[in-house]
2 protein chains.
Amino acid sequence: MAEELIKALTKDSYDVSQLSEDERLLLAEIKPQRLHFEKDSVVFREEEPANYFLLMKEGICFNHRHLEDGSRQVMDLYFPGEVIALSELPLEAHVSGLTTLSDAVILAYDKAEITEKCSRTARLSRLFMELLFREQAILTERLVEVARHSANKRVAHFLLDINQRLPPSTKLLHHAGADALSACCSPKSLTGLSNLVGIPQVLIADALGLSIVHVNRVLRQFKEAGWIRIRSQGIELLDIDALKVAAGWESEGEARSILHNQHGALNGDTARSHVKDNQ
Amino acid sequence: MAEELIKALTKDSYDVSQLSEDERLLLAEIKPQRLHFEKDSVVFREEEPANYFLLMKEGICFNHRHLEDGSRQVMDLYFPGEVIALSELPLEAHVSGLTTLSDAVILAYDKAEITEKCSRTARLSRLFMELLFREQAILTERLVEVARHSANKRVAHFLLDINQRLPPSTKLLHHAGADALSACCSPKSLTGLSNLVGIPQVLIADALGLSIVHVNRVLRQFKEAGWIRIRSQGIELLDIDALKVAAGWESEGEARSILHNQHGALNGDTARSHVKDNQ
DNA sequence: CGGTTTTTTGATGGACGTCAACCCAAGTGG
DNA sequence: CCACTTGGGTTGACGTCCATCAAAAAACCG
């Protein structure tokens, strides 16, 4: 029953993908509650006590924070199989609210139980660490993203990111089944056709820190370029490659191979090279 | 000898501040290398193999990434007692470079040794988790910060943040000893006088994703308002309260008390309240 | 003291927010 | 079946913030 958890924790993990039999047994003891929500319902609010470790089972939701000025910052979206608001796990109370974007099923594990199990086996907590590290990497990426890139790039990046994380089942919502599949599965990601479920534009705006008006403008540009199509409450990606170019995607992440091996001081050299490689 | 590590790991930690005797012994076995660097030297570069867990002992340094367009993103600054680039711990190679801003001493722990020790005791890895969670919280804060706030706010925030993390010893660089101390130690942070060591403006710009020209303009505004004074290669904070107002500081972080307890669905209620609390 | 960075300042333009409409689809109640 | 509402999306006019370009001034470094 807790296979869900194991799957989530080991999802494309680097190397720690298999647990010992002991650990499997430990985990299997944890029974989650299975919670159903309808579209647009509030799972929890900011400042509310946080007692559960949450795992997205079906549907989509997002967490958000309200700022002093009344605006809203969308922190992240969550898709099936993803851990929800991991960074709030150790907190007594939530610092962000969680709202569903569609009908959804969420698995709720008792937090105390989890941490108890964790402290029992070092291996398990290392899995969590793994997860944390991955989250951090993503956050860092997003930070750079938001700090440096234009609205166009941000929106393109956002669309691609969402599209990538969107599970195939959800993608096939409309027609275009084969195309969507090939577009998402082929490593070369040929210009395909895929679909985003009802993500309102205001959400994109709040996620990227842009005004809804400007998001709309950008989307219109994309539409006129033939890269996307806009349906009621949803965006269809038509030309993924073009979007990748617009986003400056450069197959980031995995492609950081170790190329120029001029070493810094830690690896031998002691050059006093000033920090002027930029521009 | 590894007391340094313990101190860093437990620094204002929530509750896991003390280790068992066993764990202390385990840690004490890890002997760091003590590395000395002079100002503006490169500790490591991007893409370089990452073999050490680094702890700032003396001085200041920062890590940074080079973007496609040739510009530089400063990821974070590190002050004495802080763990360096924690998020890169599990990575084979660094994704950011590290450069010193002043003469510096860095403690380097063998990574393999650390992780080995970690997997031996669950408690120790929980400490690391603690650290990771804290980093995440900070990153999240920064994300919101960068996404939503004006240059003025960002700069003000940056100055305050740095000022807070700057250890007293470094602050006393010039004169103004007593004032600096009271300004940093008193909880009410009365309008005081403190000092930032040689942080070039270009670094602020690269950290905040602003142009150096604009950073300079903002600083000039602050100067003309009498909030800061600019010395060669350094900025002195004169009116911290005014800066806090400018930054929209609102004593963030700790002050998030649990106030309005209207519960979301997870805590009983099942209201279908739409997501329209903003604006 | 010249060369090299940093800081400072001005002028100009583009990107993006704000305001204010209008459109359109989906209810909702009569 | 139709008026009315309601919430999102769409569009234009306009202003602000901030990047860019360019160049002077100041600080630094041998």
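Being a predicted model, the structure only gives us computed values, none of them experimental. Excluded from the calculations below are hydrogen atoms, water molecules and symmetry mates; all remaining heavy atoms, backbone and side chain alike, are included. The chains referred to below are lettered A, B, ... by the order of the sequence lines, with proteins before strands, and numbering in each begins at 1.
Here B:N216 reaches the OP1 or OP2 of C:dT8: one of its side-chain N or O atoms lies under 4.0 Å away. Here A:R217 does not reach the OP1 or OP2 of D:dT10: none of its side-chain N or O atoms lies under 4.0 Å away.
A straight line from CD1 of A:I230 to C1' of C:dA25 spans 15 Å, rounded to a whole angstrom. Remark: P of C:dT8 and CD1 of B:I212 are 9 Å apart, rounded to the nearest angstrom. Distance B:L208 CG to D:dC18 P: 11 Å, rounded to the nearest Å. Nucleotide C:dG17 holds its P atom 13 Å from the CG atom of A:D69, rounded to whole Å. With rounding to whole Å, B:I204 atom CD1 is found 8 Å from C:dT7 atom P. When rounded to the nearest whole Å, the span between CG of A:L101 and P of D:dG8 equals 12 Å. For the pair B:H214 NE2 and D:dC21 C1', the interatomic distance rounds to 16 Å; values are reported in whole Å. Rounded to an integer number of Å, the gap from A:Q201 CD to C:dC24 C1' is 13 Å.
Here the side chain of A:V213 is nearest to one of D:dA19, C:dT9, C:dA20, namely C:dA20. The side chain of B:S150 sits closest to D:dC18 out of C:dT18, D:dT11, D:dC18.
At distances below 3.5 Å, not a single donor-acceptor pair connects side-chain atoms of B:T99 with backbone N or O atoms of B:D40. Formation of a donor-acceptor pair under 3.5 Å by the B:T140 side chain with backbone atoms of B:Q136 is found in this model. A donor-acceptor contact shorter than 3.5 Å links the side chain of A:T100 to the backbone of A:E38.
The pair B:D103-B:K39 does not meet the salt-bridge criterion, since no charged nitrogen lies less than 4.0 angstrom from a carboxylate oxygen.
The residue A:L210 sits close only to the backbone: its heavy atoms come under 4.0 Å of sugar-phosphate atoms, none of a base.
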